[in-house]
Amino acid sequence: MLTKEIKLEYKVYQGFEEFQDIERALLLAAREATHLSHAPYSEFYVGAAVLLDGETILKGANQENASYPLCNCAEQVSLNHAMMAYPGSTVHAMAVAVNTDKDGFDLPVSPCGACRQIILEQEHRQSSDMKIYLVSKTDVVYVFDSIKSLIPLYFQFK
Ligand SMILES: [Zn+2]
């Protein structure tokens, strides 16, 4: 028997001051996108923003449905937005922001398991990593160099 260990490394920022202008714009776009959320059931408003080609930022927000399994996460909506508006483009970064009045959400929220696999698919599709920024409503930001950090031992078909 062999015991193996998986190391997770990410950066934590307290506020937006240390980021470059384009990064700050991405974080703010994700926060703005929370207002495009349709979340009457959970009241958990999630916004995502993706950065293409170093300057183009596109948004997505969670879209809930009375039939819960039909809900779409903000991360998926933003990636679908990007791939429809700019087919074949490379997504360099994604920011995800949460806005809710519920208690216990002062720290960033991570993408769900399905979104992690879908973001990973985009990394495979474009043959490059996507920087991930997770933004809390209190301006705490977690930064990951790739979604692979959040989905170790991921499924891959080939
Ligand atoms: Zn999700």
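Remember, it's 1-based here, ligands and their atoms both numbered in the order they're listed. Atoms considered below: every heavy atom in the structure, side chains included; atoms not considered: hydrogens, waters and symmetry mates.
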Could you give the side-chain donor-acceptor pairs of residues 83-92 under 3.5 Å, partners two or more places apart or in another chain?
from, atom 1, to, atom 2, distance (Å)
Ser89, OG, Tyr86, O, 2.7

Legend entry - Gap between atom CG of Leu134 and atom OH of Tyr13 - 0.5 Å precision: 13.0 Å

Inset, instruction - Give a yes-or-no answer on whether the side chains of Gln117 and Glu121 include a donor-acceptor pair shorter than 3.5 Å. - result: no

Inset, instruction - Would you sort out whether Glu123 and Ser146 count as a side chain to side chain donor-acceptor pair (under 3.5 Å), showing the intermediate values? - result: CA-CA 8 Å; Glu123 287 192 349; Ser146 164; 2.9 Å; yes

Inset, instruction - Provide the protein N, O or S atoms situated under 2.8 Å from the Zn ion (ligand 1); waters are not included. - result: Cys73 SG, Cys112 SG, Cys115 SG

Inset, instruction - Under the ring-ring contact (aromatic ring centres under 6.0 Å, His included) rule, collect the residues that match up with Tyr45, sequence neighbours excluded. - result: none

For residues 98-107, please give each side-chain donor-acceptor pair under 3.5 Å, one per line with the distance, not counting sequence neighbours.
from, atom 1, to, atom 2, distance (Å)
Thr100, OG1, Glu43, O, 3.0
Thr100, OG1, Lys102, N, 3.2
Lys102, NZ, Ser42, O, 3.3

